[in-house]
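Structure record follows, encoded as structure tokens.
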Amino acid sequence: MRAPRIAVAVVTMGNRPDEVDALLRSVAKQDVPPERIVVVGNGCPLPEFARRLSLPGEVTPIELDENVGCPGGRNAALARLREFGDIDVVVDLDDDGLLVDADVLRRVRELYAADDRLGIVGFRIADELGGTQQRHVPRIGSSDPLRGGYVTGFLGGGHALRMAMLDEVGDWPAKFFFAHEETDLAWRAADAGWRILYAPELLLQHPKTSPARHAIYYRVNARNRVWLARRRLPFALVPVHLAVWVLLTLLRNRSRAGLRAWFGGFVEGVRESAGERRPMRWRTVWRLTRLGRPPVI
């Protein structure tokens, strides 16, 4: 079997030039170089990367006229890779991440070569001290970040996607802009029979952060959660999922301003169209539940 051909895609808003340079240098140090590197400027101009950083493979910059959000930016990278037609797996990396180990892309290639139904591979995210935030572990509760295996979701900061899977289930939900786009894609992949693997040996070093650092966090988190349920869950599970989530939000959130923004986003999610409705099958619900993440949570 031919080894999968790998591309690396990075989306940036132009506000982290030093971090992007460091990330691309870590890509250049991989013992298996990518066939292509695509860098998307999300509403920003891009510097010249290839010669300045001595990057391997062909480097393609894409400058978008406006910030279309992380999923929209990644879709732009996918569209260009499809035009080339010579990539089997795309590795998405946050623009402030870093590949510490030199064998990450080789390990990715080996995982995909060994399993033709492997659709998504999630990386482990750890800060400079080696710590992994619990929200970055794709399991419920206090789970060991070093325990790999098949899971129901993946981390947006560092992951790999099989192009054939995307051709079957569709690309990122660009309308989400930010938050829950990974879950939407993971549920579609699982419903189509693709496997999702959490591989903690694939490390992306990333600064310790809170999602609430983004000004739009509370609003889009609420709106997209409603859209996610409306798009992907069987009708009977939509009110259950949202009720559990509303209760958890009220128990955890101590910010009045955050709750006001959250309520506005919830109303927006109910009033506005969620786009296509393609609910997962009940057997997929059962499979996700067996893997430890029932879709009502």
Side-chain angles (χ1 to χ4, degrees), residues 10-16 19-20 40-44 64 66-75 92-97 122-123 125-127 131-140 145 152-159 172-187 204-233 238 241-275 293 295 297:
V10 178
V11 177
T12 183
M13 295 189 296
N15 55 345
R16 296 168 176 160
E19 289 87 343
V20 173
V40 178
N42 224 348
C44 67
L64 303 180
E66 61 179 320
N67 182 356
V68 295
C70 189
R74 286 174 175 162
N75 282 347
D92 287 312
L93 301 172
D94 268 6
D95 66 346
D96 54 348
F123 294 11
I125 307 295
D127 60 27
T132 296
Q133 295 176 266
Q134 197 58 53
R135 68 185 182 90
H136 286 156
V137 182
R139 294 189 178 91
I140 294 177
T152 65
F154 66 101
L155 307 176
H159 59 265
W172 297 91
K175 187 177 180 181
F176 280 35
F177 194 83
F178 161 73
H180 300 301
E181 66 269 17
E182 300 95 344
T183 305
D184 185 273
L185 179 54
W187 284 359
L204 181 77
Q205 182 176 293
H206 189 282
K208 188 175 182 179
T209 58
S210 166
R213 70 190 186 278
H214 299 289
I216 62 173
Y217 169 73
Y218 291 104
R219 180 179 66 84
V220 297
N221 182 56
R223 181 197 67 189
N224 293 358
R225 176 75 74 159
V226 177
W227 282 351
L228 175 69
R230 291 173 59 193
R231 288 160 61 97
R232 304 299 171 213
L233 291 180
V238 173
H241 177 91
L242 293 180
V244 170
W245 169 69
V246 167
L247 178 60
L248 291 175
T249 299
L250 294 175
L251 290 174
R252 295 170 177 170
N253 199 323
R254 298 291 182 268
S255 166
R256 290 185 179 180
L259 283 174
R260 285 195 297 270
W262 170 86
F263 180 75
F266 186 91
V267 173
E268 185 180 348
V270 172
R271 288 180 175 176
E272 292 194 9
S273 170
R293 190 68 183 247
I297 298 177

Smallest heavy-atom separation, A222 atom then F266 atom, equals CB-N, 3.5 Å

>> Counting C-beta onward and ignoring hydrogens, is there a side-chain heavy-atom pair between L250 and L259 closer than 4.5 Å?
In response: yes

Between the CG atom in L228 and the CH2 atom in W187, the distance rounded to the nearest 0.5 Å is 4.5 Å

Rounded to the nearest 0.5 angstrom, the CG-CD distance for D95 and E19 is 7.5 Å

Practice task
Would you please classify the geometry between the F154 ring and the H159 ring as parallel, tilted or perpendicular, with 30° and 60° separating the classes?
Solution key: perpendicular

So CG of L204 and OG1 of T132: to nearest 0.5 Å the spacing works out to 10.5 Å

I'd like to know whether F176 forms a side chain to side chain contact (heavy atoms under 4.5 Å, CB included) with V220, so could you lay out the CA-CA distance, the side-chain angles of the two residues, the decisive distance to 0.1 Å, and finally the verdict.
CA-CA 8 Å; F176 280 35; V220 297; over 6 Å; no

Review point. Where the side chain of D94 meets the backbone of D96, is there a donor-acceptor pair that is under 3.5 Å apart?
Key: no

Side-chain donor or acceptor of R230 paired with backbone N/O of G269 under 3.5 Å:
yes

By side-chain contact (heavy atoms from CB on, under 4.5 Å), V11 pairs with (sequence neighbours left out) V40, N42, R74

Task: Check: N224 side chain, H180 main-chain N or O, donor-acceptor pair, under 3.5 Å - done: no

For this session: Hey, can you tell me if W245 and W262 have their rings parallel, tilted or perpendicular (30° and 60° cut-offs)?
Result: tilted

Closest non-hydrogen contact found for E181 with C70 is OE2-CB, 4.3 Å

Smallest heavy-atom separation, R231 atom then P173 atom, equals NH2-CB, 3.6 Å

With a sphere of 6.0 Å drawn around CZ of F263, does it hold more than 12 non-hydrogen atoms of other residues, nucleotides or ligands? no

Closest non-hydrogen contact found for L155 with F123 is CD1-O, 3.4 Å

Scanning both residues in full, the closest heavy-atom pair of F178 with P71 reads N-CD, 4.3 Å

- Query: Is there a donor-acceptor contact under 3.5 Å from the side chain of H136 to the main chain of A126?
  - Reply: no

dist D127:CG -> Q205:CD (nearest 0.5 Å) comes out at 8.0 Å

Note: R223 and K175 closest approach over all heavy atoms is NH2-O, 3.6 Å

By salt bridge (charged side-chain N to carboxylate O under 4.0 Å, His left out), R232 pairs with (sequence neighbours left out) D184, E276

